[in-house]
Amino acid sequence: MLIAIPVVGIQTGVLTPPGVIGGFENGVGLFVSDEEEEGKPIKVRGIWDNISATTCRWQQAASRDDAKTWEDDWIMDWVRVS
């Protein structure tokens, strides 16, 4: 199921609907938004995966060629400390 979630703009700090569009399928969350970088359109992708009771991973990537290629710019591995 696809959902639209408003997000805060990277450059402006302003809440921008529809923001991120995506959802979870087969245990992986894929979310994409259209942003601007120095006045040029880019796409930003976020992926939640490796989800278990105690771990998950967030990956963020940017595409400057309309999603033909992606450049990872942020990867976080989360572990529940409890």
Side-chain angles (χ1 to χ4, degrees):
M1 174 170 72
L2 290 178
I3 58 174
I5 303 169
V7 295
V8 175
I10 293 170
Q11 302 294 327
T12 64
V14 174
L15 193 62
T16 57
V20 178
I21 297 174
F24 282 84
E25 188 174 320
N26 299 320
V28 175
L30 174 63
F31 300 90
V32 178
S33 65
D34 291 311
E35 303 280 342
E36 263 191 25
E37 180 181 70
E38 298 178 1
K40 296 179 183 175
I42 66 168
K43 291 194 179 290
V44 177
R45 175 184 73 187
I47 299 174
W48 286 101
D49 64 359
N50 291 349
I51 299 169
S52 74
T54 58
T55 63
C56 67
R57 177 174 55 193
W58 165 257
Q59 301 176 69
Q60 180 177 289
S63 175
R64 292 163 183 86
D65 59 8
D66 200 32
K68 292 181 183 101
T69 61
W70 294 93
E71 178 184 340
D72 288 327
D73 58 18
W74 189 2
I75 299 173
M76 295 185 292
D77 288 300
W78 299 55
V79 178
R80 183 180 301 245
V81 180
S82 126

| task | Please assess I42 against E36 for the test side-chain contact (heavy atoms from CB on, under 4.5 Å), listing each intermediate value before the final yes or no. | result | CA-CA 6 Å; I42 66 168; E36 263 191 25; over 6 Å; no

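Using a 4.5 Å cut-off between side-chain heavy atoms of Ile, Leu, Val, Met, Phe, Trp and Tyr, with links allowed through other members, I47 and V79 fall into different hydrophobic clusters. Under the 4.5 Å side-chain contact rule for hydrophobic residues, F31 and W78 share a cluster.
Rounding to the nearest 0.5 Å gives a distance of 12.0 Å between CZ of R45 and OG of S33. Atom CG of D77 sits about 8.5 Å away from atom OG1 of T55, to the nearest 0.5 Å. In this structure, CD1 on I51 lies 11.0 Å from CH2 on W58, to the nearest 0.5 angstrom.
Geometric assessment of R57 against the ring of W48 yields a negative cation-pi assignment under the 6.0 Å and 45° thresholds.
Closest approach of S63 to T69, counting heavy atoms only: OG-O, 2.8 Å. In terms of heavy-atom proximity, K43 sits nearest to W70 at O-CZ3, 3.6 Å. In this structure, D73 and A62 approach most closely via the heavy-atom pair OD2-CB, 4.1 Å.
Not counting sequence neighbours, the partners of R64 by the salt bridge (Lys or Arg N to Asp or Glu O under 4.0 Å) test are E37, E71.
You'll find the side chain of V44 stays beyond 4.5 Å of the side chain of V32, heavy atoms only.
A side-chain donor from one of Q59 and D49 sits under 3.5 Å from a side-chain acceptor of the other.
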